[in-house]
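Worksheet for the structure shown next.
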Amino acid sequence: MKKRILAILLVSAMLKPAFADDEEIALEVIDAASEDNSGIQLDQFKWTARPFVVLAESQSDPRFSEQMALLQKDPAPLAERDVVVLIDADPGANSALRKKLRPRGFMLVLIGKDGGVKLRKPFPWSVREIVRAIDKLPIRQQELRTR
């Protein structure tokens, strides 16, 4: 009986710190179509962050709305992997992202820390799927080994 109580106390003590930080983790989202951010270049994130680019024809596109909801649902794993979300839902702004990535309708693009395109998808992806793709990248594997 004493061993069982001790085990329960030990497990609860280990879990408490994980739930003690109820602070929300905010994912950095940059609207590349806005005038303030129109000069955003993918090269500025090289070796510091992994841009995850969400491109759509309009913010009212259901796929755009779904993708943004999926990202906001669980931002912690993305923030842990240095992900910066860049959005552009205004084709008329003709941003540098649109010129470089040339989307046709809705598109997701994962850019690696080395600046290369790692993934393109024409439909929304969950955070779990994004994280799995990132964790397979050689640079992410190296990050995990050096920790």
Side-chain angles (χ1 to χ4, degrees), residues 7 9-147:
L9 290 174
L10 183 60
V11 169
S12 66
M14 288 171 37
L15 292 178
K16 190 174 182 179
F19 296 108
D21 295 335
D22 284 343
E23 66 184 58
E24 278 196 35
I25 295 174
L27 190 60
E28 185 177 358
V29 178
I30 300 170
D31 185 354
S34 74
E35 286 186 31
D36 296 340
N37 298 323
S38 62
I40 293 279
Q41 298 287 327
L42 291 174
D43 290 340
Q44 74 190 64
F45 299 103
K46 201 169 190 175
W47 303 118
T48 59
R50 291 181 176 89
F52 183 73
V53 185
V54 181
L55 299 152
E57 296 297 313
S58 155
Q59 287 191 4
S60 58
D61 182 334
R63 295 171 294 183
F64 179 81
S65 301
E66 181 184 352
Q67 184 62 63
M68 297 311 293
L70 288 169
L71 293 174
Q72 296 299 333
K73 190 186 293 184
D74 189 19
L78 296 173
E80 193 177 292
R81 288 162 178 81
D82 304 322
V83 172
V84 174
V85 178
L86 304 175
I87 61 171
D88 184 343
D90 182 10
N94 207 15
S95 70
L97 288 178
R98 283 191 180 274
K99 289 177 185 174
K100 181 163 179 123
L101 300 173
R102 299 178 180 207
R104 293 185 189 140
F106 180 83
M107 185 172 76
L108 304 175
V109 183
L110 175 63
I111 310 291
K113 282 191 173 181
D114 62 356
V117 173
K118 304 302 179 191
L119 173 77
R120 287 180 186 258
K121 293 292 175 185
F123 47 84
W125 256 31
S126 70
V127 169
R128 182 175 178 219
E129 292 169 316
I130 297 165
V131 165
R132 287 172 118 184
I134 291 171
D135 286 347
K136 291 178 184 176
L137 299 174
I139 293 173
R140 176 64 180 161
Q141 292 290 315
Q142 183 181 2
E143 289 173 353
L144 292 172
R145 281 192 301 269
T146 59
R147 266 193 200 167

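All of these numbers come straight from a predicted model, not from anything done at the bench.
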Side chain to side chain, [X] and [Y], heavy atoms closer than 4.5 Å:
| X | Y | result |
| --- | --- | --- |
| V53 | L108 | no |
| I130 | L71 | yes |
| F52 | L27 | no |

Is there a donor-acceptor pair closer than 3.5 Å between any side-chain N or O of E57 and the backbone N or O of D90?
no
Report yes or no: does R50 contribute a side-chain atom to a donor-acceptor pair with the main-chain N or O of R81 at less than 3.5 Å?
yes
State which residue, out of V54, L42, D31, fulfils the side chain to side chain contact (heavy atoms under 4.5 Å, CB included) condition with L86.
L42
Does anything in residues 111-127 form a salt bridge (Lys or Arg N to Asp or Glu O under 4.0 Å)? List the pairs, not counting sequence neighbours.
D82-K113, K113-E143, D114-K118
Could you give all pairs that pass the salt bridge (Lys or Arg N to Asp or Glu O under 4.0 Å) test and reach residues 95-104, with sequence neighbours left out?
D88-R98
What are the two closest heavy atoms between I139 and W47, and how far apart are they?
CD1-CZ3, 3.6 Å
Rounded distance (nearest 0.5 Å) linking atom CG of D135 with atom CG of L144
6.5 Å
Approximate separation, where rounding is to 0.5 Å, of L70 CG and E66 CD:
5.5 Å
Contacts of type side chain to side chain donor-acceptor pair (under 3.5 Å), residue S58, not counting sequence neighbours
S60
Please name all residues satisfying side-chain contact (heavy atoms from CB on, under 4.5 Å) with Q72, sequence neighbours left out, ordered by chain then number.
V29
I'd like to check the side-chain contact (heavy atoms from CB on, under 4.5 Å) partners of S65; sequence neighbours left out, ordered by chain and number.
none
Please set out all donor-acceptor pairs under 3.5 angstrom arising from side-chain atoms of residues 73-80, sequence neighbours excluded.
none

